[in-house]
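A short worksheet on the structure shown next.
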Amino acid sequence: MAGLAPPGRVRRRTGVIGHLARKLGGALASLVFVVVLGFFLFRVIPGDPVVAMTRGRPVGSAQIADLRARLGLDKSLGEQFLDYLVNAARGDLGTSYVYNRPVADLIGERLWPTVLLVGTATALAVVVGLWLGIRGAWRRGSRFDRVSTGVALTQWAMPTFWLGMLLSMATGDLFPTGGMRYPDTPPDFLSQSLDVAHHMVLPVITMVAVVYAQYLLVMRSSLLEEMHADYLVTARAKGLRDDLVRRRHAVPNALLPTVTLVFLHLGLVVSGAITVETVFSWPGLGLLTYEALTGPDLPLLQGTFVVLAGAVITMNVLADLVYRVLDPRVRAA
């Protein structure tokens with residue numbers, strides 16, 4: 001009948017909605033698990049927040065008891081957990097013990113520096129990794145392929161904090177080794193932007209040097225699988241230049257796994273920025289998490305843990321959806 005969608009299209013639409021519902025349901029369940037885990041995980045950390053907050057200060061037992069009561073630490077673990085769940089359901093991540101400010105406000109202030117650092121490093125790592133992976137695969141076994149792959153694997157094996165400290169010692173006279181900007185920088189936009197970019201050089205190089213190897217290896221492996229495909233043989237038989245065969249046919253198909261990896265790895269890079277931000281005193285979520293660990297500042301730890309783990313969960317869902325959009329074989333399944 002006119003106006004009715006074909007049965008095949010209806011089935012595909014229903015399949016997409018069902019797939020999306022399953023993914024969102026799984027992500028929600030994972031997030032709930034993270035919220036629950038975030039409470040108990042940091043209760044096993046050695047150290048007493050009240051003792052840490054009052055260390056070196058002349059306080060009596062009555063003052064310590066009053067401080068425990070104000071922080072809610074005098075309640076049983078079950079009561080603290082229920083309060084935590086109720087507040088989390090309302091979007092209230094609690095109040096930081098150290099900063100005496102809402103955790104959500106602190107995370108909001110530190111989120112942009114982390115996004116700026118991680119986004120810049122990821123973009124550069126993708127460009128470098130893809131270019132080296134494509135060139136290495138197309139010249140498999142060449143000196144360029146061996147050297148680029150060997151260097152990438154070596155840097156991938158390096159601890160991020162160790163590489164960051166090496167760069168600080170080697171180039172500390174050329175680039176700032178801490179902070180995000182100088183306090184005496186003029187307030188105009190251009191001066192502030194250049195100052196931030198100057199401070200970003202070392203932490204970005206550190207992250208790119210470790211991360212780009214994954215994109216190189218995945219792109220190289222994917223392109224090697226595509227190089228002997230029938231459609232490439234047909235394209236060459238039609239007289240297309242080797243460069244056009246690679247750029248128009250081989251690379252677009254080999255990009256699919258790499259695009260998925262970008263989304264999957266982006267969430268991990270956000271949570272893995274703790275060491276880089278700590279080494280370079282970059283005022284982002286990573287440094288905030290490290291500062292919370294030294295307390296321990298339990299509400300702040302719980303809040304940053306939920307946000308960082310939520311970033312990984314979100315990127316996993318986006319990676320699956322993007323792959324489904326890009327690959328028609330997955331959509332048809």
Starting from the C-alpha separation in whole Å, work towards a yes-or-no answer on salt bridge (Lys or Arg N to Asp or Glu O under 4.0 Å) for R110 and E277.
CA-CA 11 Å; R110 301 292 189 98; E277 291 187 1; over 6 Å; no

Test your reading of the model: is there a side-chain donor-acceptor pair from N87 to the backbone of G94, 3.5 Å cut-off?
no

Would E79 and Y84 count as having a side-chain donor-acceptor pair, cut-off 3.5 Å?
no

Are V147 and V128 joined in one hydrophobic group, where the rule is that I, L, V, M, F, W and Y side chains link up if heavy atoms are under 4.5 Å apart?
yes

Can L166 and M169 be said to form a side-chain contact (heavy atoms from CB on, under 4.5 Å), step by step?
CA-CA 5 Å; L166 284 182; M169 291 186 292; 3.8 Å; yes

S96 versus L106: any side-chain heavy-atom pair under 4.5 Å?
yes

Could you check whether any side-chain heavy atom of F280 comes within less than 4.5 Å of a side-chain heavy atom of T206, counting everything from C-beta outward?
yes

Do E291 and D297 have side chains that get closer than 4.5 Å, going by heavy atoms?
no

I'd like to know if R101 pairs up with E109 as an ion pair, taking the criterion as any Lys NZ or Arg NE/NH1/NH2 lying under 4.0 Å from an Asp or Glu carboxylate oxygen.
yes

Judged by atom type as modelled, is there a donor-acceptor pair below 3.5 Å linking the side chain of N316 to the main-chain atoms of V312?
yes

Can you establish whether the number of heavy atoms outside R143 located under 6.0 Å from its atom CZ is more than 12?
no

Distance check, rounded to the nearest 0.5 Å: R140 atom CZ versus T149 atom OG1?
10.5 Å

Sub-3.5 Å donor-acceptor pair from the side chain of Q155 to the main-chain atoms of A213, do we have one?
no

Is any side-chain heavy atom of L298 closer than 4.5 Å to one of F39?
no

Exam field: side chain D195 to backbone T185, donor-acceptor pair closer than 3.5 Å:
no

Atom CG of L287 and atom OG1 of T114: how far apart are they, to the nearest 0.5 Å?
9.0 Å

Do S142 side-chain atoms and R139 backbone N/O form a donor-acceptor pair below 3.5 Å?
yes

Out of curiosity, does L31 fall in the hydrophobic cluster containing V86 (side-chain heavy atoms, cut-off under 4.5 Å, transitive links)?
no

Taking M158 as the starting point, is it possible to reach L217 by hopping between hydrophobic residues whose side chains are less than 4.5 Å apart?
yes

Residues L132, Y212; criterion side-chain contact (heavy atoms from CB on, under 4.5 Å); working and verdict:
CA-CA 9 Å; L132 292 175; Y212 86 91; 3.6 Å; yes

Which heavy atom of I274 sits nearest to which heavy atom of T278, and what is that distance?
O-OG1, 2.6 Å

Rounded distance (nearest 0.5 Å) linking atom OH of Y97 with atom CG of L301:
10.0 Å

pair L93-Q302: side-chain heavy atoms closer than 4.5 Å:
no

So, taking the atom named OG1 in T314 and the one named CG in L318, what distance separates them when rounded to the nearest 0.5 Å?
7.0 Å

Look at the rings of F40 and F81 and say which category their plane angle falls in: under 30° parallel, 30 to 60° tilted, over 60° perpendicular.
tilted

L216 to S148 - nearest heavy-atom pair and separation:
CD1-O, 4.1 Å

Are there more than 12 heavy atoms of other residues, nucleotides or ligands under 6.0 Å from atom CG of N100?
no

Give the cluster check for V279 versus L174: same hydrophobic cluster or not, with ILVMFWY residues linked at side-chain heavy-atom distances below 4.5 Å.
yes

Within a radius of less than 6.0 Å around CG of D184, do more than 12 heavy atoms belonging to other residues, nucleotides or ligands occur?
yes

Are any non-hydrogen side-chain atoms of L288 and Y99 less than 4.5 angstrom apart?
yes

Decide yes or no for V34 and I313: does some side-chain heavy atom of the first lie under 4.5 Å from some side-chain heavy atom of the second?
yes

Evaluate the criterion salt bridge (Lys or Arg N to Asp or Glu O under 4.0 Å) for residue pair R220 and D145; output intermediate values, then yes/no.
CA-CA 10 Å; R220 181 180 181 275; D145 183 32; 2.8 Å; yes

Which atom of A121 lies closest to which atom of V208, heavy atoms considered
O-CG2, 3.4 Å

T120 (side chain) donor-acceptor with L117 (main chain) under 3.5 angstrom
no

Can you name the closest pair of heavy atoms from G179 and P283 and give their distance?
C-CD, 4.3 Å

pair V127-Y215: side-chain heavy atoms closer than 4.5 Å
no

Transitive ILVMFWY side-chain link L85 to L37, under 4.5 Å
yes

Roughly how far, to the nearest 0.5 Å, is OG of S193 from NE2 of H198?
14.5 Å

Under the side-chain contact (heavy atoms from CB on, under 4.5 Å) rule, what do V196 and L116 come out as? Steps first, then yes or no, please.
CA-CA 10 Å; V196 171; L116 176 64; 3.8 Å; yes

If we ignore hydrogens and angles and just use 3.5 Å, is the side chain of W282 paired with the main-chain N or O of G178 as donor and acceptor?
no

If you compare all heavy atoms of S168 against all heavy atoms of L202, which two are closest, and at what distance to 0.1 Å?
CA-CD1, 4.3 Å

Atom pair CG (L82) and NZ (K75), whose distance is rounded to the nearest 0.5 Å
9.5 Å

Taking all non-hydrogen atoms of both residues, which atom of Q192 and which atom of R181 are closest, and how far apart?
OE1-NE, 2.8 Å

Could you tell me whether the side chain of T289 and the main chain of L285 form a donor-acceptor pair under 3.5 Å?
yes

Please assess F175 against H199 for the test side-chain contact (heavy atoms from CB on, under 4.5 Å), listing each intermediate value before the final yes or no.
CA-CA 7 Å; F175 303 104; H199 281 77; over 6 Å; no

